[in-house]
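I am attaching a structure below and will ask some questions about it afterwards.
Since this is a predicted model, take the numbers as computed values, not measurements.
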Amino acid sequence: MDKLPILQFEDKIVETVKNNLVTVLIGETGSGKSTQLSQILFRHGFADSGTICVTQPRRVAAVSVARRVAQEMGVRLGEEVGYAIRFEDRTSTKTRIKYLTDGVLLRESLSDSELRSYSVIILDEAHERSLNMDILMGLVKRLVGIRDSANFRVLITSATLEGEKVSEFFNGCPVLNVPGKLFPVEVIYTDEVSKSFVEAALKKAIDIHVREPEGDILIFMTGQEDIEKLVQKLEDRVRSLEEGSVMDAVIYPLHGSLPPELQVRVFNPPPSNCRRFIVATNIAETSLTVDGVVYVIDSGYVKQRQYNPQTGMYSLDIVQISRVQANQRAGRAGRTRPGKCYRLYSSVVYKDDFMEAAVPEIQRTSLAGSVLYLKSLDLPGIDILKFDFLDPPSYASLGDALRQLYLIDAIDENGAITSVGRTMAELPLEPSLSRTLIAANENGSLSQALTIAAMLSAETSLLPSFAKGSEKKRKHTPLKLPDGGGLGDHIQLLQIFELWNKTGYDIEWCKEYGLQIRGMSFVKDVRGQLCQLMLKMAKCATEVQGKHKSRERKMNYRNLRRALCVGYANQLAERMIRHNGYRTLGLKSQLVQVHPSSVLQPDEDGMLPNYVVYQELITTSSPFMRNVCTVEMQWISPILKKLETLDINKLSGGFTDPEDGIKEKDQGVSKKEDKDVESPADRDSKIQAARERFLARKVKK
DNA sequence: GAGCACTGC
């Protein structure tokens with residue numbers, strides 16, 4: 001095997017790390033940074049006084065990289081080299097190199113905010129900018145000023161360009177460049193504007209198939225719908241090609257809601273003299289690597305979920321990718337030999353319209369959980385609203401988080417964390433569910449609440465996709481699931497798990513009901529973990545086994561729904577008079593409908609319940625509440641009272657001048673790279689523009 | 001009567 005590129009830089013890396021507390025390392029795919037950096041530092045004594053930890057954005061990566069490193073060092077996994085992911089800690093007192101997911105490291109800083117067991121912290125793949133990673137970078141930056149510099153080093157690895165920004169964040173720390181080992185990829189732009197990217201991709205794919213030599217084609221689409229459309233069209237066209245004139249072809253869809261057994265098909269060796277077409281979402285951008293790809297077709301779009309803190313509403317939008325993403329996609333063509341990337345957009349669009357990097361998650365999601373977590377750390381002298389983030393979230397977003405936390409008793413009217421809030425922060429759940437568990441523990445419905453919390457954590461991986469046509473293909477229609485007694489979706493989830501529990505967690509039962517086995521066993525694991533945590537924390541925690549089930553059911557799950565009402569006090573809606581639309585009860589009222597997939601049932605007059613709590617608001621074809629549960633009017637009066645007295649200025653501790661704060665920050669950064677700096681408002685308008693362009697194209701068709 | 005991209009504790 002060739003020597004990995006990073007090993008040629010060993011001396012330089014060691015010297016830089018010795019002389020600097022923080023080092024940024026820019027390493028492209030194939031540089032070997034994930035496996036070699038830890039070993040290099042180990043060889044030079046950086047693990048003598050502590051462990052070297054390396055974060056990974058995904059569980060599979062943490063496990064596979066740790067396994068590889070253990071093998072290279074000739075040690076047993078779990079001894080000198082180990083890993084820690086949720087539900088699985090394979091480390092020991094001997095462990096000197098430890099791979100973990102960023103979520104696990106974040107949890108660890110809850111029990112030791114200075115992370116003293118680590119002599120080196122390596123934040124790998126920082127350019128992916130997950131929410132956890134952004135919080136970790138803020139925390140680690142603080143540690144740099146606190147911990148003894150004789151025994152502490154930080155390394156952050158990133159993709160091109162973004163590395164400079166990270167260096168700036170860490171007070172201009174040195175940046176090392178390590179080349180990757182990719183083969184050259186020729187990029188070909190498209191100048192003609194096509195009516196739809198599905199059609200454009202179809203044309204290009206067939207073109208490649210007819211003209212170009214062998215090699216698989218990877219096509220980036222945005223979601224299940226356009227993937228299925230394209231797969232169908234490709235099958236038709238390939239079949240219509242004259243037999244014998246071109247090589248055989250096989251077409252695979254690849255997206256997250258595909259059952260795992262269909263996902264892994266792309267890893268099987270392809271039939272000989274046969275070209276594979278893989279039509280994928282951005283799951284193939286980072287998570288899954290398909291070997292044999294020589295041609296990439298890039299639509300230039302991605303489906304992205306974003307949160308509007310003003311309305312509390314999520315939306316799932318098709319937006320333009322960033323230049324970093326475009327390059328990542330192109331790189332997928334050069335893993336095994338020189339390749340080609342066909343971009344279904346012009347070079348002008350790439351240069352002028354695309355943002356440099358995607359909007360980081362921290363600016364696209366509700367921050368209630370993260371704000372609570374940071375408050376629970378009790379960092380001296382650190383005000384959450386002024387916390388030093390690489391890309392600060394908007395003031396609206398922080399205000400929204402505080403408002404939500406106040407309504408569910410996690411912080412008091414002055415913004416200080418409460419004892420309830422501390423307990424909540426210990427649980428690996430979103431705040432509403434943590435709060436539900438605590439309320440349930442007090443009213444005797446904990447066992448059921450634990451089940452619901454676990455089911456909601458795995459919800460998307462429970463049911464196979466409801467795509468049109470897929471039902472026909474299935475051999476037999478699954479048995480009908482329980483209906484939640486008409487009380488709502490949370491109750492349905494509870495009933496599903498209880499039925500499965502009664503069968504002794506029978507795998508066949510899952511099949512009969514059309515439930516994904518992996519999803520259901522994940523629920524079982526999560527429930528077990530939550531049980532243990534609740535037993536450990538709440539000294540008086542009882543009833544995790546659920547002995548009161550039958551009595552509760554007769555009571556229409558009253559206690560359980562009451563607990564949900566306390567937990568979801570920030571997500572409450574009232575039905576309109578005389579029709580079944582709802583308005584949310586919060587700072588800014590929204591008109592919404594119950595999602596059509598809900599099992600909530602109307603009464604004999606055809607009316608839905610007067611009050612419900614919901615899991616989330618999401619705008620697709622129109623604004624919907626997903627996962628609703630009936631609640632009683634008398635339960636909500638304390639919530640309404642709280643809403644009336646809510647004072648955001650008090651909650652945020654008087655930090656009311658966001659504009660100044662943001663401007664200052666932007667100016668600080670813009671000294672170095674003024675072209676690439678964008679305010680959140682700029683980003684918003686760019687996203688909006690991309691969305692409009694896309695919609696315009698869609699309409700034309 | 002509509003439909004969820006991808007991760008993670």
- Query: Could you give the CD-to-C1' distance, from A:Gln263 to B:dT7, as a whole number of Å?
  - Reply: 13 Å
- Out of B:dC4, B:dA5, B:dG3, which nucleotide sits closest to the side chain of A:Gln224? B:dA5
- Task: Mind calculating the distance between CD (A:Glu459) and P (B:dG3) to the nearest angstrom?
- Result: 15 Å
- Message: Looking only at the side chains, is there a donor atom on one of A:Asn327 and A:Tyr350 sitting less than 3.5 Å from an acceptor on the other?
- Response: yes
- Task: Starting at atom CZ of A:Arg626, determine the distance to atom P of B:dC4, rounded to an integer number of angstrom.
- Result: 9 Å
- Parallel, tilted or perpendicular for A:His490 and A:Tyr568, by the 30°/60° rule? perpendicular
- Query: Would you say A:Arg59 reaches B:dC9's phosphate, i.e. side-chain N/O to OP1/OP2 under 4.0 Å?
  - Reply: yes
- Message: We want to know whether A:Thr55 and A:Asp124 form a side-chain donor-acceptor pair, criterion being a heavy-atom distance below 3.5 angstrom.
- Response: no
- Note on the structure: Heavy-atom nearest nucleotide on DNA chain B taken for A:Leu429 and for A:Thr281; more 5' hit belongs to A:Thr281
- Task: Figure out the CD/C1' separation between A:Gln306 and B:dC6, and round it to whole Å.
- Result: 13 Å
- Query: Under 3.5 Å, is there a donor-acceptor pair linking the side chains of A:Gln56 and A:Asp102?
  - Reply: no
- Query: Atom CD of A:Gln325 and atom C1' of B:dT7: how far apart are they, to the nearest Å?
  - Reply: 14 Å
- Item | Check: A:Tyr314 and A:Asn308 side chains under 4.5 Å, non-hydrogen atoms | no
- Report the distance from atom CE of A:Met133 to atom C1' of B:dC9, rounded to the nearest whole Å. 15 Å
- Query: Does A:Gln529 place a side-chain N or O at less than 4.0 Å from the phosphate oxygens OP1/OP2 of B:dC9?
  - Reply: no
- Which part of the nucleic acid, if any, lies within reach of A:Arg58 when heavy atoms closer than 4.0 Å are counted: base, sugar-phosphate only, or nothing? sugar-phosphate
- Query: Think A:Ser622 has a side-chain N or O under 4.0 angstrom from the OP1 or OP2 of B:dA2?
  - Reply: no
- Would you mind classifying the nucleic acid contact of A:Ile618 as base, sugar-phosphate or nothing, using non-hydrogen atoms under 4.0 angstrom? nothing
- Query: Would you say A:Thr286 reaches B:dC6's phosphate, i.e. side-chain N/O to OP1/OP2 under 4.0 Å?
  - Reply: no
- Side chain of A:Lys303 (C-beta onward), nearest among B:dA5, B:dC9, B:dG3: B:dA5
- Query: Counting side-chain heavy atoms from CB outward, which of B:dA2, B:dC9, B:dC6 is closest to A:His255?
  - Reply: B:dC6
- Given B:dT7, B:dA5, B:dG8, which nucleotide is nearest the side-chain atoms of A:Ser287? B:dT7
- Out of B:dA2, B:dC6, B:dA5, minimum distance to the side chain of A:Phe624 belongs to B:dA2
- Remember a base hit wins even if backbone is also touched, and classify A:Gln593 as base, sugar-phosphate or nothing at under 4.0 Å, heavy atoms. nothing
- Which residue lies toward the 5' end of DNA chain B, A:Pro428 or A:Arg305, if each is placed at its nearest nucleotide? A:Arg305
- Item | Whole-Å gap separating P (B:dG8) and CD (A:Glu88) | 13 Å
- Query: In this structure, which one of A:Gln224, A:Glu225, A:Gln232 forms a side chain to side chain contact (heavy atoms under 4.5 Å, CB included) with A:Glu228?
  - Reply: A:Gln224
- Item | Euclidean distance, atom CD1 of residue A:Ile135 to atom P of B:dC9 [Å, nearest integer] | 14 Å
- Please work out if A:Val104 contacts a base, only the sugar-phosphate, or nothing of the nucleic acid, heavy-atom cut-off 4.0 Å. sugar-phosphate
